[in-house]
Amino acid sequence: MKKLLIVFVLLLLLGGGGGGAAWWFYFRAPDVAEDEGPVVPQLSQLELETIPITVVRNGKPTYQFFFRIVLMFDDPLKMEMVQYNLPAVYDAVTTELHHLMGRKQVEQGGFEEPLIRQRIDKVIKARVGQDKIYKVSIRAMERMDLK
């Protein structure tokens, strides 16, 4: 009888250990998700007010451009820091657009969106810092003839 009880206890221990191991390795949910790929930053954005640029020819307004520019941030703290400098950013962008949208450039080659985007990006990053802005986007560029 003692031998039978010892065999029964050993079988119970081995079965319980095997069942516990099966649960641990096969049936329970993993603690850490396996490689889900690169971490995508949480983007936030800030849209500048519509910027009107007027091109003058012979003392009369000829064209008017309307720009809507969006600043994208990968960290909400960076967005808060840039919000304090928003009037300076708006002024820098307006000044740069007036330089870019001169009458001769508009009449000769039109306006090139990649060039404008590159120059605006450069001006904004120079004003607030290279690491604060994730991306500068031009949401809309509209041209209206005033003739």
Side-chain angles (χ1 to χ4, degrees), residues 8-147:
F8 179 71
V9 169
L10 285 175
L11 286 175
L12 188 64
L13 284 174
L14 289 175
W23 173 82
W24 183 262
F25 291 110
Y26 297 111
F27 300 123
R28 77 176 179 98
D31 293 337
V32 179
E34 295 180 16
D35 187 27
E36 294 180 8
V39 177
V40 178
Q42 181 182 4
L43 297 178
S44 54
Q45 65 182 13
L46 182 65
E47 186 170 344
L48 297 178
E49 295 179 23
T50 302
I51 302 172
I53 305 295
T54 305
V55 178
V56 178
R57 180 178 186 187
N58 296 330
K60 295 179 185 177
T62 308
Y63 305 108
Q64 190 161 22
F65 293 92
F66 297 98
F67 290 90
R68 289 189 5 197
I69 298 172
V70 177
L71 308 177
M72 295 183 193
F73 305 92
D74 57 353
D75 186 7
L77 294 175
K78 292 178 182 178
M79 185 172 100
E80 289 178 18
M81 293 170 64
V82 171
Q83 279 181 332
Y84 292 116
N85 293 330
L86 210 53
V89 169
Y90 187 83
D91 183 50
V93 169
T94 304
T95 304
E96 187 65 26
L97 286 174
H98 273 288
H99 287 290
L100 282 173
M101 304 310 289
R103 181 177 60 87
K104 290 195 180 205
Q105 180 182 353
V106 172
E107 289 177 356
Q108 290 174 358
F111 58 97
E112 299 174 8
E113 187 176 342
L115 172 67
I116 294 170
R117 181 175 288 122
Q118 177 187 18
R119 295 283 296 270
I120 289 175
D121 185 53
K122 182 179 175 183
V123 166
I124 291 174
K125 287 183 178 180
R127 179 66 67 167
V128 297
Q130 288 288 340
D131 59 336
K132 290 190 175 69
I133 303 287
Y134 179 72
K135 184 178 178 183
V136 176
S137 175
I138 299 175
R139 181 157 293 166
M141 278 194 312
E142 298 172 3
R143 176 181 170 174
M144 185 171 71
D145 291 334
L146 300 176
K147 295 178 183 180

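Heads up: numbering here begins at 1 and tracks the sequence.
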Taking the side chain as C-beta and beyond, is there a heavy-atom pair between D145 and R143 under 4.5 Å? yes
The reported gap from CE in M141 to CD1 in I53 (rounded to nearest 0.5 angstrom) is 12.0 Å
Scan V128, L48, D91 and name whichever one has a side chain to side chain contact (heavy atoms under 4.5 Å, CB included) with L86. L48
CD on E49 to OH on Y90, rounded to 0.5 Å: 5.5 Å
After noting the C-alpha distance and the side-chain angles of V56 and K60, does the key distance pass the side-chain contact (heavy atoms from CB on, under 4.5 Å) rule? CA-CA 5 Å; V56 178; K60 295 179 185 177; 5.7 Å; no
Kindly indicate, with the supporting measurements, whether the criterion side-chain contact (heavy atoms from CB on, under 4.5 Å) is fulfilled by L71 and I124. CA-CA 9 Å; L71 308 177; I124 291 174; 3.5 Å; yes
Check: Q83 and L46 side chains under 4.5 Å, non-hydrogen atoms: yes
Spacing of M79 atom CE and I133 atom CD1 [to the nearest 0.5 Å]: 11.0 Å
R117 bridged to D121 by N-O distance under 4.0 Å: no
Testing the basics here: between S44 and P76, what is the closest heavy-atom pair and its distance to 0.1 Å? OG-CA, 4.3 Å
How many angstroms lie between atom CZ of F67 and atom CZ of R139, to the nearest 0.5 angstrom? 15.5 Å
Where do L146 and T62 land on the side-chain contact (heavy atoms from CB on, under 4.5 Å) test, with the steps shown first? CA-CA 5 Å; L146 300 176; T62 308; 5.9 Å; no
Sequence neighbours left out, what pairs pass salt bridge (Lys or Arg N to Asp or Glu O under 4.0 Å) with at least one residue falling in residues 12-22? none
Might you work through the side-chain contact (heavy atoms from CB on, under 4.5 Å) test for L43 and F73, ending with a clear yes or no? CA-CA 6 Å; L43 297 178; F73 305 92; over 6 Å; no
Measure the OG1-OH distance between T54 and Y63 for me, rounded to the nearest 0.5 Å. 13.0 Å
Using 0.5 Å steps for rounding, measure from the CE atom of M144 to the CD atom of Q64. 5.0 Å
Answer yes or no: does atom NZ of K125 have more than 12 heavy-atom neighbours from other residues, nucleotides or ligands under 6.0 Å? yes
Only pairs at least two apart or in different chains count here, so list each salt bridge (Lys or Arg N to Asp or Glu O under 4.0 Å) that has a residue in residues 62-90. E47-R68, D74-K78
